[in-house]
Amino acid sequence: MDKDIEHAEKALACIDKMKEGLNELVSLFDISDDTFGEMDRLETYKSINRTLGKWKSQYEDFLSEQGQSFSQTM
């Protein structure tokens, strides 16, 4: 079980990094000069963000069931 807890903790850290990177990409959008077609990617980025949110909830729920919390373990 310790291995599963460690896996969930690492996964949460990675998800946070992915969400941070995604937010940085979105912050780079320049809708006044859409040279790179970023507005076309916006829906994809939103979908990725929703998926990351679901995964994060799954890992947090698992840790909660184990009497752990992400903030306690990191």
Side-chain angles (χ1 to χ4, degrees):
M1 187 59 67
D2 287 342
K3 186 172 117 179
D4 293 336
I5 291 171
E6 183 178 339
H7 174 92
E9 292 169 348
K10 286 181 180 180
L12 282 171
C14 290
I15 288 169
D16 286 341
K17 289 177 190 174
M18 291 171 71
K19 287 175 100 32
E20 181 180 333
L22 193 59
N23 288 335
E24 287 183 34
L25 277 172
V26 171
S27 73
L28 294 174
F29 281 7
D30 182 357
I31 59 174
S32 64
D33 178 21
D34 198 16
T35 303
F36 300 105
E38 291 165 329
M39 290 310 295
D40 293 337
R41 297 182 212 157
L42 186 57
E43 197 54 45
T44 301
Y45 292 158
K46 287 180 181 179
S47 176
I48 292 168
N49 195 40
R50 286 189 297 270
T51 300
L52 290 172
K54 290 176 189 175
W55 293 348
K56 184 173 182 170
S57 291
Q58 289 175 330
Y59 289 117
E60 288 174 338
D61 290 348
F62 171 79
L63 289 175
S64 178
E65 290 169 5
Q66 304 307 311
Q68 303 287 319
S69 76
F70 184 57
S71 61
Q72 287 177 329
T73 56
M74 292 308 278

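Values in this document were obtained by computation on a predicted structure and should not be read as measured data. The first residue in the sequence is number 1, and the count goes up from there.
- Cluster membership check: Phe36 does not share its hydrophobic cluster with Leu22, using side-chain heavy-atom separations under 4.5 Å among Ile, Leu, Val, Met, Phe, Trp and Tyr.
- The CG atom of Leu52 lies 9.5 Å from the CG atom of Asp16; values are rounded to the nearest 0.5 Å.
- Looking at residues two or more places apart in sequence or on another chain, you find a side-chain hydrogen bond (donor to acceptor under 3.5 Å, both in side chains) between Asn49 and Lys19.
- Rounded to the nearest 0.5 angstrom, Phe62 CZ and Ile5 CD1 are separated by 5.5 Å.
- Residues meeting the side-chain hydrogen bond (donor to acceptor under 3.5 Å, both in side chains) test with Gln58, sequence neighbours left out: none.
- Residues meeting the side chain to side chain contact (heavy atoms under 4.5 Å, CB included) test with Asp61, sequence neighbours left out: none.
- For Asn23, the side chain to side chain contact (heavy atoms under 4.5 Å, CB included) test picks out no residue, with sequence neighbours left out.
- Residue pairs satisfying the salt bridge (Lys or Arg N to Asp or Glu O under 4.0 Å) criterion with at least one member in residues 41-53, sequence neighbours excluded, are listed as follows: Glu43-Arg50.
- Side chain of Ser57 to backbone of Gly53: a donor-acceptor contact under 3.5 angstrom is found.
- Applying the ring-ring contact (aromatic ring centres under 6.0 Å, His included) test to residues at least two apart or on different chains, the pairs with a partner in residues 6-29 are His7-Tyr59, Phe29-Tyr45.
- In this view, Asp33 and Asp30, Thr35 satisfy the side chain to side chain contact (heavy atoms under 4.5 Å, CB included) rule, not counting sequence neighbours.
- Scanning for salt bridge (Lys or Arg N to Asp or Glu O under 4.0 Å) contacts around Glu38 gives an empty result, with sequence neighbours left out.
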